[in-house]
Structure formats: C-alpha cells, structure tokens
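All remarks here apply to the structure that follows.
Quick note on labels: first sequence line is chain A, next is B, and so on, each numbered from 1.
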Number of protein chains: 4
Amino acid sequence: MSTNKTRKSANVQWGGRFASGPSEVMERINASIGFDQRLFAQDIAGSQAHARMLVARGILSSKDGDAIVIGLDTISQEIESGEFTFSTALEDIHMNIEVRLRELIGDAAGRLHTARSRNDQVATDFRLWVRDEIDAVDLQLKALQSELLGKAKTHAETIMPGFTHLQTAQPVTFGHHLLAYVEMFGRDRGRFADARARLNELPLGAGALAGTSFPIDRHAVAEDLGFDRPVANSLDAVSDRDFALEFMSAASISMTHISRFAEEIVIWCSDGFRFVKLSDAYTTGSSMMPQKRNPDAAELARAKAGRVFGDLLGLLTVMKGLPLAYSKDMQEDKEPVFDTADSLALALAATTGMVSDMEPMIENMRAASGKSYSTATDLADWLVRVADVPFRDAHGITGFVVKYAEAKGINLIDMSLEEMQAIDERITNDVFNVLSVEASVASRTSFGGTAPDNVRAAVNDARARFMGD
Amino acid sequence: MSTNKTRKSANVQWGGRFASGPSEVMERINASIGFDQRLFAQDIAGSQAHARMLVARGILSSKDGDAIVIGLDTISQEIESGEFTFSTALEDIHMNIEVRLRELIGDAAGRLHTARSRNDQVATDFRLWVRDEIDAVDLQLKALQSELLGKAKTHAETIMPGFTHLQTAQPVTFGHHLLAYVEMFGRDRGRFADARARLNELPLGAGALAGTSFPIDRHAVAEDLGFDRPVANSLDAVSDRDFALEFMSAASISMTHISRFAEEIVIWCSDGFRFVKLSDAYTTGSSMMPQKRNPDAAELARAKAGRVFGDLLGLLTVMKGLPLAYSKDMQEDKEPVFDTADSLALALAATTGMVSDMEPMIENMRAASGKSYSTATDLADWLVRVADVPFRDAHGITGFVVKYAEAKGINLIDMSLEEMQAIDERITNDVFNVLSVEASVASRTSFGGTAPDNVRAAVNDARARFMGD
Amino acid sequence: MSTNKTRKSANVQWGGRFASGPSEVMERINASIGFDQRLFAQDIAGSQAHARMLVARGILSSKDGDAIVIGLDTISQEIESGEFTFSTALEDIHMNIEVRLRELIGDAAGRLHTARSRNDQVATDFRLWVRDEIDAVDLQLKALQSELLGKAKTHAETIMPGFTHLQTAQPVTFGHHLLAYVEMFGRDRGRFADARARLNELPLGAGALAGTSFPIDRHAVAEDLGFDRPVANSLDAVSDRDFALEFMSAASISMTHISRFAEEIVIWCSDGFRFVKLSDAYTTGSSMMPQKRNPDAAELARAKAGRVFGDLLGLLTVMKGLPLAYSKDMQEDKEPVFDTADSLALALAATTGMVSDMEPMIENMRAASGKSYSTATDLADWLVRVADVPFRDAHGITGFVVKYAEAKGINLIDMSLEEMQAIDERITNDVFNVLSVEASVASRTSFGGTAPDNVRAAVNDARARFMGD
Amino acid sequence: MSTNKTRKSANVQWGGRFASGPSEVMERINASIGFDQRLFAQDIAGSQAHARMLVARGILSSKDGDAIVIGLDTISQEIESGEFTFSTALEDIHMNIEVRLRELIGDAAGRLHTARSRNDQVATDFRLWVRDEIDAVDLQLKALQSELLGKAKTHAETIMPGFTHLQTAQPVTFGHHLLAYVEMFGRDRGRFADARARLNELPLGAGALAGTSFPIDRHAVAEDLGFDRPVANSLDAVSDRDFALEFMSAASISMTHISRFAEEIVIWCSDGFRFVKLSDAYTTGSSMMPQKRNPDAAELARAKAGRVFGDLLGLLTVMKGLPLAYSKDMQEDKEPVFDTADSLALALAATTGMVSDMEPMIENMRAASGKSYSTATDLADWLVRVADVPFRDAHGITGFVVKYAEAKGINLIDMSLEEMQAIDERITNDVFNVLSVEASVASRTSFGGTAPDNVRAAVNDARARFMGD
C-alpha cells in the first residue's frame, strides 16, 4: 500500500517531482523571499540612509530623495500591517520593495540603486538584522541572569549536594549552584557583545565587489545606520559572513549552557531526585496521569542545542573554500541564522521562565546533600589544617574513617571520638565542628566558594558586573 | 538609530520577547503542527490500518471501524483540497485529525486510540513518511543516472583532461567522467535501499513504551501498511530514530557527490575553462550583462550540502545520551529530516536538469586535454611495456624527456625521434603511436578504463545494473 | 609571567613556529607515515596480489614476482616484530615499504609499480583496512549483544520503571529494557554489513585515474584480495571515499546507542536512583572516599560520541565540493577513520564490560517502579477492555481516580472498591487484578511487549537472529 | 584472504580486542598521559604559583615551598631535555609530575596538593595552555598579514579579474584582493584576543567544586600566573570549558578564510587560469612530470578546515547537557583543542609561506580581467553619472550595448561612438575614458574601493591598525 499520494503526477525526467521542470527548479533555487522578508525593516532603513547620503552628495535630487524616503516609510507600514503582498516571482525582499517603490513614486525609484549593488545591499541588511538580534539576545540573557540572581539570593543558604560524575561529592548551596550559570550567561553576553563590535562596520558602498566611481560618503551612511565605520575593503565587504558565523558560534556555546541547566532540571524533576517542582506552566501532564509533570520545556531547551550546532556547522561548511567575492552559495546564509536566533530566543525564554517558576524542594536537597560521606573532604582538610598532616596522608586517613563508617552503616558525624582516634589519634573533638553539611558549606570561604556569606556577596558583585546595579 | 521596531513592547522579565509569558513560550515549544502536518497522509493511513485490525480482533465493532475509516478518508480529502483548518492549540497533526474525526463521526472516534499511544503512532507516521521519501529519492537518483548515461554514451569519445589537484594529468573522455557519477549515485541508491529495508518494521502496538494488554495483531497491521514485520521490542519501537539518522547519513553522502559535480560545473563554466555551456534555464544573468551566465543552480546544489550535514549533526547531537524511552527532545527529529529531504530533492532536480541541459564545448576540452604533457605516463608505460624498462627507471627517463620538451616549448609528440633517442636510445619510432591524446585514451582498455569502447560497454553495463534495462 | 618557553626561538616570518621554514612546513604537510603505517598489512597484501597477477599475465617474470612476494613477507615480519624503521623523509607507508623492498631484492622492486599508481594503491589499502575494521566491529557488537542477551534472560522478570521524560511511566522488566539495546546494536551490525558489501570492490588497476594500457586482470586481483569485483570506473575508483564516510556514519549512529546506554548507567548509578552496581573494574574511586564509585567508563563511552560525530563531519566537509579525481585534501581521510575506529572499539569494549559487570539492585528498581501511579494506564485499559468505555473517556476517568489517590497520598491498588466506584460505577473488583506492577508487566503480552514470557521468547528469537544460535 | 593478522588472539567476550579484559579497557579510558603531557610547562608553572601562595599565607613552610619550586624546576628541565620517563600507570601529567616530585624532595611533595584538587588544577593548566596557544596564533596571523601587506603594496596596480560566481565581473587589483584577506585575518586576531581576555581568569582555588576552607589567596595566584582575576564561582571554575569552545570557534572561522584563499590558489594554479606560480617549496611534482606543480600545500590548508570544524562540533557535543560540576566526559576536551591548534598552526604557516612564495603571472591576470565585458558596469555608471540616466534604465541600455558587442565579437572599448550612439544618443566620446580595465580600476575611488591609490592608502592604514606601525 502506498501512502505517497501526492506524487502520482510525477514525470519521468525529474524522478517524480518538479513536474513543471527547469523553471520550477530555478525558481525554487533562486527565490529567497520565503525567508528574507524578515529583513524588510533593515532593508528599508539601509535604503533610506543610502538615499539621504546620495542627496547630501548631490548624486540624487532632494525631491527624488524625499520621495524615496517617504515611499519606503509607506512600504514599511504596509508590511507591518500585513497589507503588503510578497511576490515569489520578484525573488527577494529587495526586489519586492524596489518594485513596490516604483509603483508608489515612479521613476525616482530607479535612482535608488545608484552606487550600490545587490551584493553590498544584502550584506548591509543582514548585518543590521544580526545586530538587532544580538541586542535582543542580550536583553534575554540579562533577564535570565536577573532571575537567577534573585533565586540565588533567596537560596544562599539552601543546601544541596554538589555532584561530580553525578555522584554526591560535597555539599554546596542552591544559590551557589545558580550563580555558576550567572557566570556562564555573563560570558555569553560578552561573546555577543564582542561579535556586535566586530560586525558593526558598513558594507554598503562596496558595490558589486570593487567599490564605485560615484563620489559617495560611506562614513556618513555608516553613522546614519549606527555603524562604527565602513568596511575597509570592498571585496571583503561583500564576501564576508564572519558576523553570521560568530553569532552562531556564540549561540552554540550559549546553548551548551542552556542544555546543561536543562539536563539538571530534568534530573532534578525525576522521581529519583525530586529537587525542584515546576508548575503546569513549564510542564505537560496528561488527563490520565494528572500527577505527572513532564519537564517538556527543559527537554526542548536541551534539544535545541542540536539544531543550533547543526546550523553553525552547516554555514561553516558552506563558506569553506568559497572563492571571492560573491557566490550563490552564500544565499544559504540566512536560514541557519534565523533558525539559530529563533531557537536561542525560545530556549532562553523557556529557561528564564523555568528559573522563575521552579521551587526547590529544600528537604529533599538537604537530605541528599548528606549522602555518600559528602563531608569526607572536610575531615581531610581538618587533618591538614589543624593536625598538620600532609595532604596526601590526610587523604589516606580519611579513607580509613569512611571505610569504617560505611561498614557500620553510619555517617561520619555519628562516629564517636574514640572510634575516630582508633584510626588516627591526632583527631580531636574539634573535628565534629566540620562534619555537618552546614559546617562544610560555611567553611568554604575562599573567593568563589560556596559559603552562604560568599554567595550573598557574589550576588551583589554579579549584580554590579552584569545588571548595571 | 534602531531598526528594531518590532520589539518595542517587550516586557522586562522576558528580555523583550514572548510578551504573553509562559503560555506563549510553552505553546511554541509544544506545538509541532507547523511542521508535522506534512505527516497527514501517513497518519491517516496508519490510523485506518489500526482500526481495521481492531475490528478484525474484535476490539472495535465493524460499525465503529467503518465510521473511522470513512471519516479519515473525508479528512484526507479535506486536507488535500486545502479546506482543512489546522489549529495550533491542538498542537500536532494527530490531535488535529482526531478532533476533526470526532466532529465527523462522534464518539466512535474516541475508540480509535485503543491499544495505541502517541509514542508508537508518531514513530509509525514518521517511518512511513521517510519510506515514501526514500522511494521518491530513488526515482530522482535513477532519473539522474539516466541523464548521465545518455550523455555518457553520446560523449564516449569526447576527450577532456583528467585532473589531479586540478592540474591536467591524463586525458580521459567526457563520457567516462560522467560515468564516475553514475557509480556514485548508484551507491547512493544502494544506501537508501538498505536504509529502507532496515526501517521497514512497524512500531505501532508498542503503546507508550511497554506494549499493550489488548489482544492486538501487530503482524496484520504491519502487512496492511507494507512493513516487513513489527519492531521486536516495544521500548525500542518508540525510542528509536535510527531510520531518520540513516536517511540523513545517506543524504549527506549523496550531497558530497552532488557538490563535487556542482563544483566541477562551476569550474567548467568559468572563463578559465569554458568546458560546458549551460542555458538560461540553469543560469542567471543580468539585463546589464546579457552575456553573463552565473551557474546559480550549480552553486546552490553545492551549498545545500552544508545544511544537510548540519541537519544530520543536529539530530545526532539530539539523540546522543538520551535515556529510554521517549523524551520531548525527540520532537526535534522531524524538521531536520524534512529539510534534508527538501534540500536533496531540489539539489537532485537541479543536477539532473543541468546534465540534460549542458553542452560540452568539445574544442575547448580537446585543446585543454593536451596541455601539461598529459601523455607523459603513456611514454613511461611504453618504455616498460615495449622496451622492458623497469617502471621506476621509465619514470625517470620520461622526466628527462618532458624537461627537454618543456625547455624547447614543444609537446612530446612534436619531438623528433633523434631528440628522444638522445635521451634514451631504446626509444623507437613506435613511441609516437602512444603520444597523442587520442592514442592515450584509446589505450586505457583495462576494466574500468577510459578507452571509448570501454566507456560504451560501461554504459550498457550500468544500464543493466541500475536502470533495469 | 609567560609559560610559553618552547617558542622563544621563533623567527619573525613564521610568526614564531616552524623555524626551519618552507621545508619543514611541506614535510609536515606531506608526511602521512605518522598515521598511515597502520595500513602496512593491507599495503603488503595488495602489493602481493598485484605482483601475482602481473606474473600470471606475463607482465612480470616469475622470478621477479617470487622475489617481490617473499621480500614483502620479510618486510611484514620486520614491521610486526618492531624491527622496521619508518622514515618520515619517505613520507608514507607505500614508499617506506617500496624502498625497503629495493634494499632487500634489488631492481625487481622497481617493477612492482607497473600498471598501478599511488592513487589506486592507497584506495585499495584503505578499503582493506576499513573492511578488516568492520569485521572486528561486528565481532565486538555481537559480543555485546551476547552479554545483553544473557543478562536479559536472567532478568526477564526483574521489574523496573519504564521512563518517559525521565518520569516514571509504566513498569517494564530489566530484561526487556536490555533487549531494546540488542535491537539497536543489531541494526548497527546491519549497517556495518551493508557498508562492507558496498565497499567490497577493488580500486587497483584504475591507475592514476584513467586505467592502464597494460593487459592486467583486475578480476583476478579482486578475487585474490577477497573483493567481490573491481570498481567499474577508474575515476571513481581513485576519487571515492564513500566507504570511509559510510563507515563513520554507521559508527556515529552506533555511538548514539552507546551514549544512550551510558547515560542510563550514569543515572542508574546516581544516589537518586541506585538501580545498578558497578564493580571497581569499571569505576574509579579515591583513597579518601573509598565508597565512591565514579562511573568513568560510562562517562567516557558517552563522551566518545562527540569525537566520532566530529570525525564524520570533518571528512564530509573535506569531501564536499572536491573536483575529480584525486586532490591532496583526501590525505585527510585516514586519521578521522582511525580515530572513529579506535573510539568505537573502546566504547564497545567498555559497554560490554559494564553489561557483564553490572548488578541490578532489584529492590530499588522494584520500589521505584511503583511510584507515580505507574499503573494508571492499566486502569484505563481495563475500563476499555472490560467495561467497554471508549478510550478517551477511560482516560478521563483514570485521571479522576489518580487525582483522588494522590490527594489521599495512597497508591491506586490501595484504594477501596467503593472509592473507585464513587468515581465510576462500572469499576468492579476485577480491576485490582491489573493494578500491581507485576500484573501490569504480565499483561503486556502484545508482540514486543514487556511481559516476562514475551521477554524470554524475545531472547530466544534474538539469539536466532543475531547469534546464529 | 584475511589481512587482519593482528587480531588472531582475540578472546570471545571482547569481540576480538582488549585481550586482557577490563583492566586494559579502564586503563585506556583513564589514561590521558598520552596527550596531556603537552601541558607539562603549564602544570609546573601553576604548581609553583600555588606553592608560593601557600607559603605567603602560612599554609606551607618556606622550606617546603622552596623545595617544591626547585623540585619542579628540575622536573621541567628533565622533561624538556627528554630525560623524563612518562608512566601510563600514573594516568596523567599531574600524577607523573607529583610522583617524581616526591622522589626528588620527599614528603614535602605531599603538601603541594593542599587546598587544591585535580579539578581546579587541570582547568588551570588547560587555560594556560590555550592562552599560550592564542599568543602563538596571534603571532602567526600577524606574520601572515605582514606578508599579505607587502605583496599588496607591490601589486597595488596589478590588474586581475574580480569574480562573482567564478565568472569575470569587474576588474580589481591583485593588491586589493590580498587586502581582503588582511581584513579577514585581522578579524580572526580580534576573535582570538577577545577569547583570551575572557579566558584569563584563574580556576585554581575552586577545589573539587565548592571552594576550600584554607585561607588561600586566589588573587595573588592569579596575578602570579598573569590572570586578570580568579573565576568568580567555584562550580563554574571546574566545569567550564567555554575557553576551549571559543578557541575552536575562532579557529574554525579562521579556517574558512584560509580555505577560501587556498581554493583560490588551487584555481589560480590550474591550467585554465595560470594566475600565480608557486615554487617547489610549496608544490610537489614527480620525477616523471617535472613540469607538474601540484599545489599540495594549498590543498592541505583547505582540507584542514574539515577537521577543525569536526573538533569544534565534537566538543560542543561532549559539553551539551552535561550536569555540573565535573564529569569524566570532560577528559575529551584536550585532544580536539590540540588537534585544532596544530592544524591551524600548520595551515597558517603554509599560507604565509605561499603568499611569500607566489609570483603573480601579471600578463595572464591582465588578459583575463578584460574578458566577459568586465567594464559593462562602468558604462552603466557613466550613463548615470554623466548623462543623468536613472540607474535601472542605464542598466538596460548597457545590456543592449553588450549584446551588440557580443554579436560582433568585439570588446566595448572597440566599438565606435556611432555604434554606441545608435543604441543611445546620450553617449559621448567621453565614455571611452571609462571602458578600459585600467580606467575602471582607477575610477573605484570610494572608501574601500580598488583604485590603486586607495589600495596603497589601505596598506598604510592596515599597517597602522594591525602591525603597530
């Protein structure tokens, strides 16, 4: 039985698709309007700045310049309001706007393309779009940090197990754990900011590839559009897609952070851990199992990393080995960037929402933090610090103590001093001051350590560094 | 100046997006209807087979079964004709169809979900879709091979340079060169066929993950839907996405072939080579430079490799380390597969069209094939074969001959016998029978070699193997 | 303070490295002997088969042929015993062996290269190597399946929770869970077998790219080396690396399986779950925390997926857009394949060892399997099957029952019949026969379901399919 | 015939490998000494700084501190001189050094590990290594820019075709073309510099994950090792590998530039183009075809992009979804970074060498630059600029002129004024001033344009920005 009903009209030459032949194939290959209409605001802003400069340099009359600027404003409103009809036959956003402009203002529209080409125009539009996106991502990352900081402050003393190898290692505080992500997302913001500074050069004025013979003023256009300066080499201006690759690199690294946190949330929500509760806003259940709360938002946030990595690798592969200046291959630059931007935005929103929404189950965390002799390091450190035992020896003594406690099925803190001293007589009663999870946590006062006072100070410090507080 | 007009209503918590908060975020995360509606035909076929089996096993009444099958047919027509309204609130294609079915046939619709779950249902739909796609790809690859074979036969004697390192190495025939791609695309077909055989097992009946207590007949459903057998393990049935990964692997390898051919076309169309002509059907020009023929179709076919690789890597990354059975991460499986299928289909159509369309510029190819002492190997082989010189010595003698010819600025065939013999006296007049590009090509009669008779035989052999001729 | 002591002698032109300039750079670029010496056995086998054929065809004297074959045997022994000194100046394994052969047998060595080139030689060697590797991987996968089957049989009735979203969903048996992996690794074996069949064609005899004018017999060499046939097109023979890509694709998919299992082991070993115990053989501890068992082997097996994916992507990218026939880029083919082979072999060994080693903690699994109302589906199915309630309605009723039980803090099986009937009066005493985890598991008798009898049958069936039992 | 001789001793359980079983497998999994010995200098520097701080804080005696520092110096010399014997049984570089230190100075060595753990130690070593590598890469990139600038200045007026779609588009100068790469490599340097600034925080002092109870001074150690500050959060300090990912991202983007240039060199060296000559230093030939110059260095530089992308993807995949803090998966971080560093260093050296070595074949470039009506844009621009024709109309008129010239088989500059005016009467004699390639190039005086004077100014500007001149 074939379910493949849609392909019955296939002709032989095309192996069953693209019944109308070459023209359909080429239209599909050439048309980018399906995705590049997202550049409309940037395309219009770029054209208006170009027109203003042409007027200022006497290349275009004021009258034509005004008509162009006003006409483009009209088009902008048409698109925003949904009145604009995009035409696939006109291939891309640039031609769609240009043809509409000619309808609106007549022949003057034909003068807008003076001293520019599609190559420098699209490079400019795309840079503007990525720049806007970076600004939006920065706001999202900052909002996420803000949620994390709020939660971290509230839970500066909430004890949970710190894991290595997903094994209980040492107690930490939940606030301290969240602050680790504040740092990661802070670095992400740094990467996006650096990418923004590097992309913020204007390609327009590079022409098709060689520059132009018109007496244009690229610096003026750059300033008008908020660029720091024009791109210094015309071939580079039209052939470079570093800014897209760097944006996707920064997004990929950010997605590793998001996915790590998401994995933790999935584990924390499992029956084995029950460290946090998420409300219905970020989980799905079923009418049959109303108690069930599947952490779908976390799983999706985790999974989005895959496609973002794929987008990056895809465009790296496209750009590899491409001779200068422009090749049609580069039309493949936009969809992965759009997909990355959308995926990152959604994953960040979901993560921010989950942080805001999650309630730590403090009792469970506390109970788990004392498992597996998590304060053994504290005993070893006490031996070094107080009893002046060399570290490697202290390590060995602690091993014997833990082995004894394990054999008896008790915790370190429940051993008697006599039992301790039977293993090493240098141990004194003072040791019991470091063997509780509270004492353990409170003792980690080194810079960056998990002691509650450190965590509170770190929240303030992070606010100053990241929030502008 | 900010061009980022669309984001002005952003609220603080969300960093400027998703103004409506959690509900909007979760809807975006959960809804797959935007892409999984492409599975509608498979979803309906699967449901109908399931209903028929439920009736046959007495789990469902004939009356309800008939109502379900007919109702689903109606929905199928509604979707095909464009009358069906998809609802994002209903999240996915399965719920959209189920809700519509309830509207059409009432409560009986509620019995269709007996003994199945969303998990085995979606796995079944998706396998059916990929299977259909493989069939369509096979037709396209076969059509491409057919074009290549036709062209290869026509040009069994058309001489062109064979390159290594893009340097002229030895003359070959254009037909022979095209046959290399017939082999590559033949292997691609083999890979897709193997993937098809491996995926052709039915997940339905695995339930959510553990199987079901209903007395279902999975073998009957398998047969009904053209599957070879049911998947043998219920956990595997719902958690496996090998079939998607294998499809994308095969597609990625096929894209390397397409991209290699596309690169050659771009080079062959360059001013430096001018080996082939493509018509307007597969190039773009400009009204200003009407002579210009940009090989856009080839460039796009080449570039599509990037996104297909990215799709594969993206899903590999998603599946890595995912515990059994189902996780929401797996909702990320469809978009990359759809994108790969579309990209491959388009690239294949463009390539087939270009093969059909391209005209070799025989004079240019012939002239280029004689450059760079391309028959030096023939001289060396002659020395071994006729004069019994050990190969490594023949190699050295040839080096001296070429050096001499190069210094004099002439071709090997234009040297005199005396000049030859001055270098090695074992050389006789017979050597001139092997130094033309025609003689060189004609002499490569080893199996798989480029001699025109071989090429013609290879065309026939390939037709038998690949075309069923 | 600079730690970068090794670079102080850098000269200016090279930016601080490669002090000896171009010659050092080119040597590093050209030399492959550092990695391709792994091909020595294949290179020698290929050369011997070539020599035998040359003799059979009268191209080489018996005397020279014998000298070559014996000389190569000597070299083989020298390499295996570690006596052979590899020379970087001789660049690759082929030249290292050829030069040594000349030392051993004199000028006859120079005749071995008759009618072949480096291009078809290296393609042959590499195919042979990958073919050997596939055979080794198949043995490893089979051994892993064997361990899984043994454990699955033993634990056909051992109940554990089946998860979706890492949330307890329905009880399954540990044996059933393990069988899911038997299927995955079975598909992996199928993919490697298909790859083997496809690669099993002989490139030798293709010459540099065009074939040869010597009257060679490629079919004889193919048979001698265990190939099914010669590659049909000489250009394809030297330029194709599909076999490497397909090997890496199959390995990548296999690594997703290994990594999923590894992730489960890490989770099962965590303090939250404690489902399995691994001995010291597959964990690491510390002298300080002797109770600690870090599942390092599982973590490494999981992590190796990353590099294998990277290897695949790397070679796909190298091959993309490469014009025929041979380019130096293709020298980058071996290292990723070697790395993938090594990583897969190690990950498989670790996984097999862990399966053999792991002891399920049956009590913990059993206790966890009853959490979260894991038999709610059984209640719903009972309503449909016994009380003839439409599935979607049964779903809703079950929701009410679970909600009630949750509010009371009891399990479904601990509710009274009256409480049940208060929610839906169609419920009878019979329902309690399906609400235990044992009853739930036993009821999943559909083909592929988790009922213990099914699991035992599935073990036998899998043995027949995969073990040749 | 089996060539797989090395595996005959395989036992059954392991599928033919790892004959010694679990211990061999775990040793292979755990041992990193095979690659992490590259960190020795960084490990020693880090330990010395740690010891100095412990002394300053009174945690360690001066005597012990001195012994440690001197002992480590000794070890450093032993390793540099090749006397040091690395032991696989000691697993990693840290234990190898620690054990040797104990041999040299006795028990004091055991105190070095006070207040630190393997986790913060390895993170510190690895950051130091990457930082050193970034410094070395920056020197290489600067050296490459220097070569490009020198060549660009020399060839500020050397005319070559500028390509789009590998089709002749507009004439540019060779110097201008090279300057495009100066910009690309300049951005690369910026990315590495940003990565350096971001990584330059000290992990040491974070302990295993929670900080330490010893009164350490992380700021002092940071200053000692040239870090800007300590990492602010201890969990982040030991679990973060952003610095490795960012280094590999920057390297990947840089490899796109290197590969684009390499592709151009391969094309420029082809028989079709013959734009540049490379000496034997960067090509390989054969004794048989001494005239042949295969651009191996360019091909390898191009191909290295693949493995660098693969390295990046590999580590992204490893880090995705890894819960805090340390998991063994992270041991997979070093090899891809080392491989990327080595590949990039080699590709940069090869590229720098080729730039220095390459001789443009000026006549060929000049001849090619006039093909395909490459000055058609100049005609159109003249119509707009001088005759005040709207751009889109000028575009159309130019199309007619080119069509006429093409039909007559002549160049634009060879048309008569009458012929021109027959197409559009606004054309005057002045137009011939813009139709030569020299005039075309000279007219592109917009900022960043290809006019020779611009190129010379751009060289100076770039020197100021990038060379510190």
Side-chain angles (χ1 to χ4, degrees), chain B residues 107 110-111 113-114 162 164-166 169-170 172 179-180 183 187 190 194 198 205-206 208-213 216 218 230 232-236 242 245 249 252-253 256 259-260 263-264 302 305 309 313 316 319-323 325-327 381 384 390-392 443-444 446-450, chain C residues 107 110-111 113-114 162 164-165 169-170 172 179-180 183 187 190 194 198 205-206 208-213 216 218 230-236 242 245 249 252-253 256 259-260 263-264 302 305 309 313 316 319-323 325-327 381 384 390-392 443-444 446-450:
Chain B
D107 282 353
R111 296 189 188 275
H113 215 56
T114 306
T164 56
H165 312 270
L166 205 58
Q170 295 175 341
V172 296
L179 285 179
E183 294 300 318
R187 281 192 300 276
D194 289 342
R198 210 168 351 260
L209 59 86
T212 179
S213 57
I216 60 172
R218 295 181 66 207
N233 179 283
S234 61
L235 284 159
D236 183 45
D242 282 15
L245 294 172
S249 298
S252 290
I253 297 175
T256 65
S259 70
R260 297 183 78 168
E263 169 93 359
E264 296 197 316
R302 177 173 67 183
F309 299 172
L313 270 293
L316 281 169
M319 295 306 294
K320 182 216 157 202
L322 220 51
Y326 183 83
S327 293
D381 284 354
V384 174
F391 184 80
R392 286 293 178 204
S443 76
R444 312 288 192 199
S446 56
F447 181 81
T450 196
Chain C
D107 282 354
R111 297 190 187 274
H113 215 55
T114 306
T164 56
H165 312 270
Q170 294 175 342
V172 296
L179 286 179
E183 294 301 316
R187 282 193 299 277
D194 289 344
R198 208 167 353 260
L209 59 85
T212 178
S213 56
I216 61 172
R218 296 182 65 207
V231 175
N233 179 282
S234 61
L235 284 158
D236 183 45
D242 282 17
L245 294 172
S249 298
S252 290
I253 297 175
T256 65
S259 69
R260 297 183 77 168
E263 168 93 359
E264 296 197 316
R302 177 174 67 184
F309 299 173
L313 186 277
L316 281 169
M319 295 306 295
K320 181 215 159 202
L322 219 51
Y326 183 84
S327 293
D381 283 354
V384 173
F391 183 80
R392 285 295 177 203
S443 76
R444 312 291 191 198
S446 56
F447 181 81
T450 196

Just how far is it from atom CD of B:Glu183 to atom CG of C:Asn233, taken to the nearest 0.5 Å?
6.0 Å

Calculate, to the nearest 0.5 Å, the distance between atoms CG and CZ belonging to C:Leu209 and B:Arg444 respectively.
8.0 Å

Specify the closest pair of heavy atoms between B:Pro323 and C:Arg260, including all atoms of both residues, with the distance to one decimal.
O-NH2, 3.9 Å

Nearest non-hydrogen partners of C:Arg187 and B:Arg198, listed with the distance
O-CD, 3.8 Å

Polar side-chain atom of C:Ser446 near backbone of B:Ile216 as donor-acceptor pair, under 3.5 Å
no

Could you check which of [options] has the highest count of heavy-atom pairs closer than 4.5 Å to chain B?
options: C:Ser252, C:Gly110, C:Ala208; answer: C:Gly110
options: C:Ser249, C:Gly211, C:Gly162, C:Ala210; answer: C:Ala210
options: C:Thr450, C:Thr164, C:Val231; answer: C:Thr164
options: C:Pro230, C:Ser443, C:Gly449; answer: C:Ser443
options: C:Leu313, C:Asp381, C:Leu245; answer: C:Asp381
options: C:Thr114, C:Asp107, C:Val172; answer: C:Thr114

Bottom line for C:Ala305: the part with an atom under 4.5 Å from chain B's heavy atoms is side chain

Heavy-atom contact with chain B under 4.5 Å, split by part of C:Arg302:
both

Between B:Leu179, B:Leu235, B:Ile253, B:Asp242, which shows the greatest number of heavy-atom pairs under 4.5 Å with chain C?
B:Asp242

Per-residue contact mode, B:Glu264 against chain C (heavy atom under 4.5 angstrom):
side chain

Turns out that what part of B:Ala206 lies under 4.5 Å from chain C's heavy atoms comes down to neither

